[in-house]
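Per chain, numbering begins at 1; letters A, B, ... match sequence-line order.
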Amino acid sequence: MLAKIHITLKKDVLDPQGSVIANSLKSLGFDNVNDVRQGKFIELEINSNNKEEAEKQCNDMCEKLLANLVIEDYSVEIEN
Amino acid sequence: MLAKIHITLKKDVLDPQGSVIANSLKSLGFDNVNDVRQGKFIELEINSNNKEEAEKQCNDMCEKLLANLVIEDYSVEIEN
Amino acid sequence: MTSSNWHFDTEKSLVESHGLKLDEFEKIVEGLGREPNLTELGIFSAMWNEHCSYKSSKYWLKKLPTSGERVIQGPGENAGVIDIDDGDVAVFKMESHNHPSFLEPYQGAATGVGGILRDVFTMGARPVANMNALRFGDPNHPKTKHLVSGVVGGIGGYGNCIGIPTVGGEVNFHPSYNGNILVNAMTVGIAKKDKIFYSAAAGIGNPVVYVGSKTGRDGIHGATMASAEFDDDSEEKKPTVQVGDPFTEKLLLEACLELMKEDAIIAIQDMGAAGLTSSSIEMASKGNVGIDINLSKVPMRAANMTAYELMLSESQERMLMVIQPKKEELARSIFKKWDLEFEVIGEVTDTKKLILHMNGEEQASIPINILVEDAPEYQRDYIVNDPSPLISFESKDFEDKDILNDLLKMISHPNLCSRKWIWEQYDHMVMADTVVRPGSDAAVVRVHGTNKGIAISTDCSPTYCRHNSYEGGKHAVVETWRNIVASGAEPIAITDCMNFGNPEKPEIMGQFVECIRGMGDACSKLNYPVISGNVSLYNETNGEGIYPTPVIGGVGLIRDLSNTMTIDLKNEGNVLYLIGESNNHLGNSHYLSIIQSREDGGTPSINLDDELKNGKFILDCISKKLLKSVHDVGEGGVLVAIAEMCISGKQGIKIDITKDFLHGFFFGEDQARYLVEVSQNKLEQLEVDASKSAVKIERIGEIGGTSISINSIGEVELSSLIDHHTKWFNEF
Amino acid sequence: MKTHVIVFPGSNCDRDVAVAIQNIIGSSPEMVWHKDSTINQSDLIVVPGGFSYGDYLRCGAMASTSPIMKSVIENANKGVPVMGICNGFQILIESGLLQGALMRNSSLSFICRDIIIKPTNTKTIFTNKSTISKMPIAHNEGNYFANSNQIKEIEDNDQIAFQYCDENGDINAHSNPNGSINNIAGVFNKSKNVLGMMPHPERAAESIHGCDDGRNIFESLLS
Ligand SMILES: Nc1ncnc2c1ncn2[C@@H]1O[C@H](COP(=O)(O)OP(=O)(O)O)[C@@H](O)[C@H]1O
Ligand SMILES: [Mg+2]
């Protein structure tokens, strides 16, 4: 199965990359853009025939390695 | 409107981060994991009342700044 | 056999798309006694392109002096080697990554650094310093900013991660690089004299081993691209750019150095341009043996890769070795420890052929000598244009009271302003042996665990080369030599990177020939041989060639680090002297180009006897501890050099000088000159020594205060100088 | 003193810190490969700088899951001095030994240059000889972050080790190289036997470095 994992900065954490991107976009003329936040998108193949089990495993991966829960949130989607 | 932009490495391009993450996950005991690819996920607020227009603008941003088309692909989703 | 038995139309385009000329193809058919299959055609195209075969340049490169008492290995191996005493050697080379960096600046520059690092550690050396020479287009060109930040990011990204300090380099902007930037990277490594590794395969039946990363579809045809001119469609050729993996390179470096301590490696060769093809052929050719490879054994990253793709892939971070069969298990365990691929993919044979198998079928069988000795070599037509005429400027053409204002304009110009913004993005201190950081003349790194150091400098003035290729070639060599002298080191040898336009154009070939002639004369006179190098031709976009840019990387030795010199002024009360003759040469100076937007007036000529005499005098004074700081006078002339010394030492100076032609004196770019700081109690000795050596010496002024003040002209505050010097990059 | 330096794949200041320890403390440390699982008896464990695992994913994240880190954590909990420099700081944070997070520099670029730091708490084994010191930083992700509760906790417990300052010791926005909250350059754990810091004392440890202020941290450990 294919797992799609999004890792984003928590709301109260400053995102320096996001603000620089926002400024660059503005200077390119996209002046209707606000609130840019940059996160990570991780795709992985997981060998499993149980969607729930796979999702549980991915949550586990996020907690143990993929996300830093001090500053990041994560979400997991599993596709067949 | 909220735009969600995914930027991923093209298929044949080496993803050094992905392979190291895969090894790390394996050594943590997730041995059913393969083919990890890491990309970027950018969220932004775009001031517009026309979904199509907003999408076009986001594509434009990807081409001009956000994605590196030599090695990356992108996709854009707009939510109201 | 002729080409009569192949289908002209389809095959013609196939041959051309491989960058081969039809007569070159006929040569292949003749050599093989048959037509090549596609894999073989790919192999020939990779080996016979300009980048790998040096077909236009070989004849001329042979004219450079390449030997000397300290030269252990000259051109012909992965990198050159010089003796630095006590059983230690320095290993170095420079390489271009111009085309990939234009297409994808970050990854192009990063993989350029990765490639040159491999060239050096393949020889058994631990890399200890990186340098880079960069040329970009007009700062106002819409692409320039993106290219600068990408290239600088990529060089830093790779070097910082692998943990080798990037200690210096050079950057210039000129519109001739608008469509074709230059990214030249140099690495210096240190090894033991009795532990140098070479690439000649030996021992029939010995295993050929593949180590490092897996092979993917990246960079297929990269070497062919590096030999093709750009046009507007080039951006379509994108997927040939590779992504660098500095982490894997770090593992590869440590694993190779660990294995090199064992008696296991017979031959080793990195997989650079044209990957498995050029590495296997080079090893076989040097050892005068054959190699059989079973391509099914090559570690692959993508599914269903073909023989053609495997042979031409330019995936990074890979090496090929021939090892002692008895040490196979030991070697395997080392590479496993570092989590790297290790696969025996073939063996050394006595057939003198490269034979490839895959899935039980023969994929290619080519006699090595056809690929190597029969490779095309051209003596291309060339025309040497007359040097641009010298113009003699006079005082009446200039308004002297603007001198300080002109100085501010000059030191804030992109070509003369501080490069701090760049080097602060490079880790220039990792390894904890950096003695002289970027921003002085030559960078100096300590040879680990000793009290001696290596001084390194890269230089070239393309404008000089464009207007007088012979003097320009001399200049590039001499400029590095002077920088090394100014740091207190004995200059030993150079590497070069010859960046030129399309060699099929006689004027371009003429520039190449003349630059080589100038370089050769300077190297011979200064006993400063060429021990390695690289040629990058076809640097053209839409038929516009770049300026001739023979970048030189010089290396010197400081036997006692307490003799190391830097440019920063040290103490109030000391006196600044100018060493060398000043003749107000303003032709093609930075003054003319920045202040008057002119590019004319001729290239300054270089008197090699004076260079030698003045350089020796400086080294002599340093060893007698007469000098507190030293700076060579280069781009921008005397006043710019003084300003640089003041800014980096945070010291002012009272200049006390009378001249008929102040602009000529302060901004002229006459050669063979240095500024030196001397304490009051050494003035007399300096003057006496100078007159004994028949060296011209002039007192400039006394150090102190918070400004540069010039009698009769006025003064400018240090803080204003610093602001002007640093603002351009910060605002870019 | 028995000292240990942990080596991860991608560590690149391991040798530098070993040289500094040898020079200042007077005996060479044992280099411990990350796949080893125990450190039995130590007076100082150093997690060095570099790019462990290429800094891929998140600096320090993968290294913090290496086998050896279990033993480092056990030793830390027993009171053994543990010091993380640069990437080592990032690893100690990821392993949970120190609080907060290290984010991308606010300039978004790598910064390598001298900075000045001021010790905030000089009553610890690492800082009892510390004064205002100059030493280099070299990092991409040194922007220290902690949420307001954590900051309060860290401050209340005197856990701030160093803050970026100017020549006069003033702590201000101008002297903050990377955007760190409250100019924080290094922090301790609660019991002050674990130190994480972004600046590199081992690169300011002998005269050829142009400055040897970094020595005082190692000298503190000797007293
Ligand atoms: N301009 C030059 N001057 C002297 N030697 C050169 C020059 N260009 C290339 N060489 C030498 O030719 C050999 C082949 O160079 P190159 O193909 O660039 O090496 P690699 O295959 O390691 O990239 C090297 O030994 C190099 O030092
Ligand atoms: Mg090579």
Fill in: chain D contact via C/Ile162 - which portion, at a heavy-atom distance below 4.5 Å
backbone

Which atom of [X] lies closest to which atom of [Y], heavy atoms considered:
X	Y	answer
C/Ala432	D/Glu202	CB-O, 4.3 Å
D/Pro136	C/Arg437	CG-NH2, 4.4 Å
C/Gln425	D/Ser109	OE1-CB, 3.8 Å

Between [X] and chain C, with a heavy-atom cut-off of 4.5 Å, which part of the residue counts as in contact: side chain, backbone, both or neither?
X	value
D/Val17	neither
D/Ser207	neither
D/Tyr56	side chain

Worksheet item: Between the main-chain N or O of C/Cys161 and the side-chain N or O of D/Asn12, is there a donor-acceptor pair closer than 3.5 Å?
Response: yes

Do [X] and [Y] come within less than 4.5 Å of each other through their side chains, counting heavy atoms only?
X	Y	result
C/His448	D/Val19	yes
D/Arg15	C/Val430	no
D/Trp33	C/Lys337	yes
C/Phe247	D/Phe51	no

Worksheet entry | N-O pairing of D/Arg203 and C/Asp427 below 4.0 Å | yes

Discussion item. I need the C/Asp433 CG to D/Ile208 CD1 distance, nearest 0.5 Å.
Written reply: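 C/Asp433 CG to D/Ile208 CD1: 5.5 Å, rounded to 0.5 Å.
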
